[in-house]
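Inspection log for the structure reproduced underneath, given as structure tokens.
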Amino acid sequence: MTLPPARRAALRRRLLAWYDAAARPLPWRFPQHGAEPYRVWLAEAMSQQTQVSRVIASYRRFLARLPTLESLAAAGEEEVLALWSGLGYYARARALRRAAQEALARHGGLPTTVEALRALPGFGPYTAGAVASIAFVRRVPAVDGNVTRVLSRLEAVEGAPESAGARGRVAALAGALVDPRRPGDWNQALMELGATLCVKPVPRCERCPVASLCRARAAGRERELPPARRRPPRRGLTLACALVERGGRLLLARRPARGLFGGLWGPPAAELPPGGSAEAALRGALPDGALAGLRLGAEVARVDRTLTHRDLVLVGYHCKVGRLSSHHDLRWARAKEREELGIPSAMRALLGQVELGPRDG
DNA sequence: AACACGGGGTA
DNA sequence: TACCCAGTGTT
């Protein structure tokens, strides 16, 4: 349990030296940007449960359009969701925008302490620690999945990583190890090691700067620790989707703010229970009976997607609707407009299967 | 504590 | 197929 000062010093020295030499040149790390807090935050928010390699393109696109905290706070939710399109976990995007507004109103910018950051929407323990340490040089840890794996192996932490005991042990280690002079670099060095060498399931110990200090390796158990997280089985979800064409445009509906694909645009969709009627489901898909007169045509598109918690099936039906009352959450969009909207990837794929007339796009 | 929440890469 | 990813918010 104890972390001797000599061991702590050796870990810091070796890992920081390795990081200085081996860190990947991520766009938010380029020196000309410095540790600009807004950019650090944006990168951290996008990286939640999302591999860094998949974040880079979205990060550049987002920053080009909303380069400052002020521009983000002033942007509409629709625009922010559109810039987030394809990244998933869209609640992150809405929280990002609200946090920008709150930070500006209450602090005149991003606050600089981990406690004040933690109070903003979308800032959990990890993101608050990451931004505080990287952007504001606060001596606080930032424990993500990488750090959990690295520290679990270094100290041979037993037990499921989601258990309270293991989490507490890792948190204590992370707090004790933070380098007081370079807290942000230290936290990033731990993450970098976990992302590039100390990977699951088979770590590349031969290149690891702290392999000789690793208790899991000493015991020959580096492949076993930490144990895999147990996940509940995925449940099936079938969504009937109404593909309604008019004058080369497709009818899109904005989804409710909560739940799957919250706040994004897509074809009007409704859960199709096993053996249920797609027509009945779609007629009730929108509030106010907006689609009460819908008539179902043939199935013309289908998409299967595996999400973390869902086996998702989208079934697209060609549909006719009667007159639509003007509705805040409805719009007709041609292909070009659809490119600019926040639409989940699965629904984009479904729309991509639909052949439209020559007036489209 | 358990669950909801995207999407894609990897072995 | 199963697991994981620079996690957070809700119940």
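A note on names: the letters A, B, ... follow the listed sequences, proteins ahead of strands, and every chain is numbered from 1.
When the nearest nucleotides of DNA chain B are assigned to A:Gly259 and A:Pro201 by heavy-atom distance, the more 5′-ward of the two goes with A:Gly259. Two residues, A:Glu162 and A:Ser345, neighbour DNA chain B, and the one matched to the more 5' nucleotide by heavy-atom proximity is A:Glu162.
Spacing between B:dC5 and C:dC4 at atom C1', rounded to whole Å, works out to 16 Å. Nucleotides B:dG6 and C:dT11, compared at atom P, are 15 Å apart to the nearest Å. Between the C1' atoms of C:dC5 and B:dA1, the separation comes to 22 Å (whole Å). The separation of C:dA6 from B:dT10, taken at their P atoms, amounts to 12 Å, rounded to a whole angstrom.
Counting non-hydrogen atoms under 4.0 angstrom, A:Gly86 reaches the backbone sugars and phosphates but no base. Heavy atoms of A:Leu312 sit nowhere under 4.0 angstrom from any nucleic acid atom. Contact annotation for A:Ala228: backbone-only contact, meaning every heavy-atom pair under 4.0 Å involves sugar-phosphate atoms and none involves a base. Among the atoms of the strands shown, none is found under 4.0 Å from any heavy atom of A:Arg348.
No N or O donor and acceptor, one from the side chain of A:Thr306 and one from the base of B:dG7, sit under 3.5 Å apart. The base of C:dG7 is not paired with the side chain of A:Tyr126 by any donor and acceptor separated by under 3.5 Å.
OP1 and OP2 of C:dA6 both lie 4.0 Å or more from every side-chain N or O belonging to A:Thr127.
Interatomic distance, CH2 of A:Trp84 versus CE of A:Met46, reported as 4.5 Å (0.5 Å rounding).
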